[in-house]
2 protein chains.
Amino acid sequence: MLGKLFVISAPSGAGKTSLVKGLISSAVHNLCLSISHTTRPPRLGEQDGVDYHFVSEPTFQQMVHKGDFLEHAQVFSHNYGTAYKNIHDQLAQGKDVLLEIDWQGARQVRSKFPDTIGIFILPPSKEKLNERLHGRGQDSEAVINQRMESAYSELSHYKEFDYLIVNDQFDLALEEFKSVVISQRLQSAAQEEQLKMLLIDLLR
Amino acid sequence: MLGKLFVISAPSGAGKTSLVKGLISSAVHNLCLSISHTTRPPRLGEQDGVDYHFVSEPTFQQMVHKGDFLEHAQVFSHNYGTAYKNIHDQLAQGKDVLLEIDWQGARQVRSKFPDTIGIFILPPSKEKLNERLHGRGQDSEAVINQRMESAYSELSHYKEFDYLIVNDQFDLALEEFKSVVISQRLQSAAQEEQLKMLLIDLLR
């Protein structure tokens, strides 16, 4: 594969999605977002094919059956999955791919793409995390409790990731996130491929 | 060691020193430059204790004899060396240290600090490199020829380094250089140490 695959995980409320969107809209060339399939209904403002591929339960199960998914998981009674083909095609085109996913998905992805780079986003404090989990103001207490439990379970898996980024000041966290992506491209093995012609020129 | 040691090598004329100075004067906290000892006379504008520790040949040999140097080498009939104690003290204080050095020095450093991160700076083309090697306008033809031979010998060792950065557009190269330094700090092992209190707080 020419491109690199980055999986980004975080407890709900750590600001992962904003960071991923920030990085995608910054000037990093050849970087794209993997768009997951889900059976969850769209939230206000979410668009099909942009935020997710929104599919019905039968369609999703058919894709599972056909082995279309690199990973899939059920979260809060909805199904989420990553289509293998999308990722594969983007990497083969030399694009770096960002994949937002939970720790279970990250494990499945890692088993199929061992060179996957794992990035885990941490909230700046327990207090801030709890505030953010409560703060959306559009969910019931039961959903919030379920989300908190899931957040703390997610947090307990931070060690399975290669990089840890604290999302305290957004701009700083975004710069750090960008550093991780950029620095992977500068590694000698990747550069030898990228700079083949230059190296031939320089070394006669 | 709490800090990380970065060795930066490049053929003469690749712009290594400007990049190192650029990074040191950017807002990266806890980053410092290792200042080498040399028996070479100061160039116009160079300051003792800032650009180098300028020492006499006998003083240098005494330091070699006492085993003060992490590495030392002769380049163009002058001696250059890196005092072990300086680097050690800075790393122990949790500072990241940048060390400008040639491939031979880099090898010696790596053998003593195996976690050293090697960065190699490449010129954007052979033409540009040759221009730059000629361009200083203060050296004789013999010195230029010697420098070119040395530059091509240096280039042939690029594979011994972890990261390759092309210095074509200075600002871009500086940003890439910064990415490499910042991303090392974000690695899980380093962050677990840095974020000990936060992780305890978050995980109860």
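Here is how names work: the chains are called A, B, and so on, in the same order as the sequence lines, proteins then strands, and each is numbered from 1.
Heavy-atom neighbours of A:K128 NZ from other residues, nucleotides or ligands within 6.0 Å: at or below the threshold of 12. Other residues, nucleotides and ligands place no more than 12 heavy atoms under 6.0 Å from the CD atom of B:Q194.
For the set B:D201, B:L186, B:L195, the entry with the most heavy-atom pairs within less than 4.5 Å of chain A is B:L186. Between chain B and the residues A:I182, A:V180, A:L202, the most heavy-atom pairs under 4.5 angstrom are made by A:L202. Between chain B and the residues A:Q184, A:M197, A:K159, A:E127, the largest count of heavy-atom pairs under 4.5 Å involves A:K159.
Heavy-atom distances place both the backbone and the side chain of B:P123 under 4.5 Å from chain A. A:L199 touches chain B through its side chain: at least one heavy atom from C-beta onward sits under 4.5 Å away, while N, CA, C and O do not. The parts of B:L155 that come within reach of chain A are both its backbone and its side chain, each placing non-hydrogen atoms under 4.5 angstrom from that chain. In this structure, the portion of B:L122 lying under 4.5 Å from any heavy atom of chain A is its side chain and not its backbone. Interface residue B:L198: only side-chain heavy atoms are found under 4.5 Å from chain A. Looking at A:D162, only its backbone comes within 4.5 Å of chain B, counting heavy atoms on both sides.
For B:F177 and B:Y163, the ring centers sit 6.0 Å or farther from each other. The distance between the ring centers of B:Y84 and B:F113 falls below 6.0 angstrom.
The pair B:E175-A:K178 counts as a salt bridge, with a side-chain nitrogen and a carboxylate oxygen less than 4.0 angstrom apart.
Within the model, atoms OG1 of B:T39 and CZ of B:F54 stand 10.5 Å from one another, a figure rounded to the nearest 0.5 Å.
The stretch residues 106-124 of chain B participates, sequence neighbours left out, in these side-chain hydrogen bond (donor to acceptor under 3.5 Å, both in side chains) pairs: B:R107-B:E160.
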